[in-house]
Amino acid sequence: MDRGLRGKAALVCASSKGLGRGCALALAREGVDLVLVARTADTLAATAAAIRQETGATVIEIAADITTEAGRAQALDAARHLRWRQPAAYDIVVTNAGGPPAGDFRDFDRAAWLKAVEANMLTPIALIQATVDGMAGRGWGRIVNITSSSVKSPISSLSLSNGARSGLTGFVAGVAREVAGQGVTINNLLPGAFATDRLLSSFAPRAAKAGVDVEEVARQRRAAIPAGRFGEAAEFGATCAFLCSVQAAYITGQNVLIDGGAYPGTF
Ligand code: NAP
C-alpha cells in the first residue's frame, strides 16, 4: 500500500535506538527523508548509516540533547538540509526523549520533577509550537508523540512518567482539535513493554533486589502480558508510519496503546 509519504521530511527525536529508531526506519521505508537526533554521536552515526543503506533515504544526524533549548534549535534548523526546506519546515515530527527514572515518589525532589517535566512534557510542547503552524500553513502535517501506557494506567514506580506525560496528553488533546481543519493530525503512541535497551536494562536491578536471575524477571514480566511477549520496535514503527500516512488523515487527538493487551480495561 502506498502511504503517500514519499518525499516528506521528518524530524524523529531520540532515534538512535529503540522506539525512536523503529519509527525512523519505518518512515524511511515509506520514502521519507529524516533528521535523527540523539546525544551519543557514534550510535547515531551507525543508525543513520544503516537506515541510509537499507532505504536510500537522506538521513541527517544531529548529535544533541533534545531536552535543551540549544538541542531543539539545532534539530529544528536541520530541516534546511532536506530538499528545498526552510528551518523547522518538517512535514512529520516524532517527539521522543529518554524516560524518567523509576523510584519511590517520596524520593523525587523538585529538581527530579523539573527534569521529567522538561523532557517528557515541555520538550514535545516546544517542538509542536515550533512546527505546527508551518504544517497548517502548508495544509499537511503529522505529529506523533511517543508517550507511555502509564498515561492510561499508572505505573507506581514511574510517578515522574505518570505525571509529566499526562500533562503533555492534555495539551495535545486541545491543540489537535485546533489544527485538525488544516490537514494536521497530532496523536500519541503509548508503548507498553517493548524489548528495547530501556526495558531490558531495568531487569537487572529488579533481579538483584528480588534475589532471582534476570531471565526470571523477564519471564514474569512477559507472563503478565496477554500476548506473552514484549513488543518489537519494528511493530511500533509500523504503527507510527500508519498514523503519518494519508490513510490516517481522519485520526487525530488519539492515544493509541500498543501493549500486547496488557491494559485490562474495555475502553
Ligand atoms: P531506548 O531504547 O533506551 O532508546 C532511547 C533513545 O533515545 C536512544 O537513541 C537515546 O540515545 C535517545 N535519547 C535519550 N535521551 C535523549 C535526549 N535527551 N536527547 C536526545 N536523544 C535522547 O529507549 P526506548 O525504550 O526506545 O524508550 C523511548 C521512550 O519510550 C522513553 O521515553 C521511554 O520511557 C518510553 N517508553 C518505553 C517503553 C518500553 O518498553 N521500551 C515503555 C513505555 C514508555 P542517546 O542516549 O545517545 O541520547
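When a ligand or atom number is given, it counts from 1 through the structure's own listing order.
Under a hydrophobic-cluster definition in which Ile, Leu, Val, Met, Phe, Trp and Tyr are linked whenever side-chain heavy atoms come within less than 4.5 Å, directly or via other members, Phe105 and Val117 are assigned to different clusters. The cluster map of Ile, Leu, Val, Met, Phe, Trp and Tyr, joined by side-chain heavy atoms under 4.5 Å apart, puts Ile60 and Val37 in the same cluster. Neither Val32 nor Met135 shares a network with the other; the hydrophobic side chains, linked directly or stepwise wherever heavy atoms of I, L, V, M, F, W or Y lie under 4.5 Å apart, form separate groups for each. In the hydrophobic clustering of ILVMFWY residues, with side-chain heavy atoms under 4.5 Å counting as a link, Val172 and Val93 come out together. Following chains of ILVMFWY side-chain contacts shorter than 4.5 Å, one cannot reach Val132 starting from Val94, and the two form parts of different hydrophobic clusters.
A salt bridge links Arg229 with Glu235; the closest basic N to acidic carboxylate O contact falls under 4.0 Å. A salt bridge is defined here as a Lys NZ or Arg NE, NH1 or NH2 lying under 4.0 Å from an Asp or Glu carboxylate O, and Lys115 with Glu118 fails to meet this definition. We find that Arg219 and Asp213 are not joined by a salt bridge, their nearest charged nitrogen and carboxylate oxygen being 4.0 Å or further apart.
Which parts of ligand 1 touch Ile146 is read off a 4.0 Å heavy-atom cut-off, strictly below it: atoms 30 (O). Ligand-side atoms of ligand 1 in range of Asp65: 17 (C), 18 (N), 19 (N), range being under 4.0 angstrom from any heavy atom. Near Thr67, with a cut-off below 4.0 Å to any heavy atom, the atoms of ligand 1 are 18 (N). Each of the following atoms of ligand 1 lies closer than 4.0 Å to a heavy atom of Gly18: 2 (O), 26 (O). Each of the following atoms of ligand 1 lies closer than 4.0 Å to a heavy atom of Ser16: 8 (C), 9 (O), 11 (O).
Nearest protein heavy-atom neighbour of atom 36 (N) of ligand 1: Pro191 CG, 3.8 Å. At the top of the distance list for atom 19 (N) of ligand 1, counting protein heavy atoms only, stands Ile66 N, 3.0 Å. The nearest heavy-atom contact from the protein to atom 6 (C) of ligand 1 is Ala14 O, 3.6 Å. The protein heavy-atom contact nearest to atom 40 (O) of ligand 1 is Phe194 N, 2.8 Å. Protein heavy atom at the shortest distance from atom 16 (C) of ligand 1 is Arg39 NE, 3.5 Å. Protein heavy atom at the shortest distance from atom 26 (O) of ligand 1 is Leu19 N, 2.8 Å. Scanning the protein heavy atoms around atom 35 (C) of ligand 1, the nearest turns out to be Arg165 NH2, 3.7 Å. Scanning the protein heavy atoms around atom 25 (O) of ligand 1, the nearest turns out to be Thr196 OG1, 2.4 Å.
The structure places CD1 of Ile66 at 9.0 Å from OG of Ser15, a figure rounded to the nearest 0.5 Å.
Counting only residues at least two apart or on different chains, the side-chain hydrogen bond (donor to acceptor under 3.5 Å, both in side chains) pairs with a member in residues 69-78 are Arg72-Thr123, Asp77-Arg80. Residue pairs satisfying the side-chain hydrogen bond (donor to acceptor under 3.5 Å, both in side chains) criterion with at least one member in residues 154-166, sequence neighbours excluded, are listed as follows: Ser150-Ser161, Ser161-Arg165.
Of the listed residues (Gly192, Ala102, Ser201, Ser148), the one carrying the non-hydrogen atom nearest atom 42 (C) of ligand 1 is Gly192. In the candidate list Cys13, Ala64, Ala97, Ala64 is nearest to atom 20 (C) of ligand 1, counting heavy atoms.
Here Ala193 has backbone heavy atoms under 4.0 Å from ligand 1, and that is the only part of it that gets that close. Under 4.0 angstrom from ligand 1, the non-hydrogen atoms of Asn96 all belong to its side chain.
The shortest N/O to N/O separation between Gly20 and ligand 1 does not fall below 3.5 Å. Residue Thr40 has at least one nitrogen or oxygen atom sitting less than 3.5 Å from a nitrogen or oxygen atom of ligand 1, judged on distance alone.
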### Task
List the steps and the verdict of salt bridge (charged side-chain N to carboxylate O under 4.0 Å, His left out) for Glu216 and Arg206.
CA-CA 10 Å; Glu216 175 57 17; Arg206 281 184 207 182; over 6 Å; no
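Taking 4.0 Å as the cut-off, Thr147 counts as a neighbour of ligand 1 on heavy-atom distance.
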